[in-house]
Amino acid sequence: IQAERPNGIMPIFGGQFAMGITERLADAGILDQYNVELLGLPLDVIRINEGCEEFNRAMQSLNLPRINNAIVDNIEDAISFYRSASFPMAVKPVRSMVSIGSRTARNLDELREFVQLSLNESSLGRCLLEEYKTGYKLVEYELICDSVGTCVSVCSMEAMDPMGPHMGDSIMVLPAI
């Protein structure tokens, strides 16, 4: 930012990594310091997208179904969630600055191992647990919308990897098949 001095940035086209970096830049005051405008997404929307709890609250407020999930910061809480959920279970670090993706725990030993790895990889020391769902496809649509509600679909993408809705390091095909 200091070297290039952009007028604005569009973090939406860089995926989760770009949105995470944008959030960190905003929190550090760098975007304000260099008068960099966020284009495409306001910071509060990035925070909802990047924050598991915020995203869950947003989905609940819209009465949209969600996969049974929990955010934990220790192995004991993960085991407590396991007692109310079922295996297999997707385990993913919350706000990791590297693209790590989900791991699939199929038993209690794997759950313990993968939770510890994810806690270590998370910049917040937390991980997301989700009941693993098979037989689903993940299809995403990128939209550009203006302030009066006009929206244009830029593209559709389909995840081609076995993690399906538990996207992390998905191979995306454009356009969706």
Checklist entry - Roughly how far apart are Q116 CD and L111 CG, rounded to 0.5 Å? => result 11.5 Å

Checklist entry - Does the salt bridge (charged side-chain N to carboxylate O under 4.0 Å, His left out) test come out yes or no for R126 and E121, once each step is laid out? => result CA-CA 9 Å; R126 300 162 76 204; E121 294 161 348; over 6 Å; no

Checklist entry - Going through the checks in order, is the side chain to side chain contact (heavy atoms under 4.5 Å, CB included) test met by V115 and L129? => result CA-CA 8 Å; V115 166; L129 305 175; 3.8 Å; yes

Checklist entry - Side chains of I79 and R112: does their closest heavy-atom pair fall under 4.5 Å? => result yes

Item to check | Atom of S61, atom of A58 and distance for their closest heavy-atom approach | outcome: OG-O, 2.8 Å

Checklist entry - S122 side chain to P93 main-chain N or O, any donor-acceptor pair under 3.5 Å? => result no

Next on the checklist: Nearest 0.5 Å, please: how far is CD in Q2 from OH in Y34?
Outcome noted: 3.5 Å

Item to check | From I46 atom CD1 to I21 atom CD1, the distance as rounded to the nearest 0.5 Å | outcome: 11.5 Å

Checklist entry - Is the centre of the F87 ring less than 6.0 Å from the centre of the Y132 ring? => result no

Item to check | Atom pair CD/OH of E131 and Y82 - distance to nearest 0.5 Å | outcome: 12.0 Å

Next on the checklist: Using side-chain heavy atoms (C-beta onward) and a distance below 4.5 Å, is R103 in contact with L117?
Outcome noted: yes

Next on the checklist: Are more than 12 heavy atoms, taken from residues, nucleotides or ligands other than N7, located less than 6.0 Å from that residue's CG atom?
Outcome noted: no

Next on the checklist: Taking the side chain as everything from C-beta on, heavy atoms only, tell me whether K92 gets closer than 4.5 Å to E130.
Outcome noted: no

Item to check | Gap between atom CG of L119 and atom CZ of F114 - 0.5 Å precision | outcome: 13.5 Å

Checklist outcome for this item: The reported gap from CG in L43 to CG in D27 (rounded to nearest 0.5 angstrom) is 7.0 Å

Next on the checklist: In the structure I gave you, are the side-chain heavy atoms of M19 and L41 within less than 4.5 Å of one another anywhere?
Outcome noted: yes

Checklist entry - So V72 and C127, side chain to side chain contact (heavy atoms under 4.5 Å, CB included) or not? Walk me through it. => result CA-CA 6 Å; V72 300; C127 71; 3.6 Å; yes

Item to check | Shortest non-hydrogen separation from P11 to T22 and the atoms involved | outcome: CB-OG1, 3.1 Å

Item to check | Pair L31-I1, side chain to side chain contact (heavy atoms under 4.5 Å, CB included): steps then yes or no | outcome: CA-CA 8 Å; L31 298 180; I1 302 269; 4.2 Å; yes

Item to check | Smallest separation among heavy atoms of D109 and N107, with atom names | outcome: N-OD1, 3.1 Å

Checklist entry - Between N69 and L128, does a side chain to side chain contact (heavy atoms under 4.5 Å, CB included) hold up when you go through it step by step? => result CA-CA 7 Å; N69 67 73; L128 171 67; 4.0 Å; yes

Next on the checklist: How close do V36 and P6 get, counting heavy atoms only, and between which atoms?
Outcome noted: CG2-O, 3.6 Å

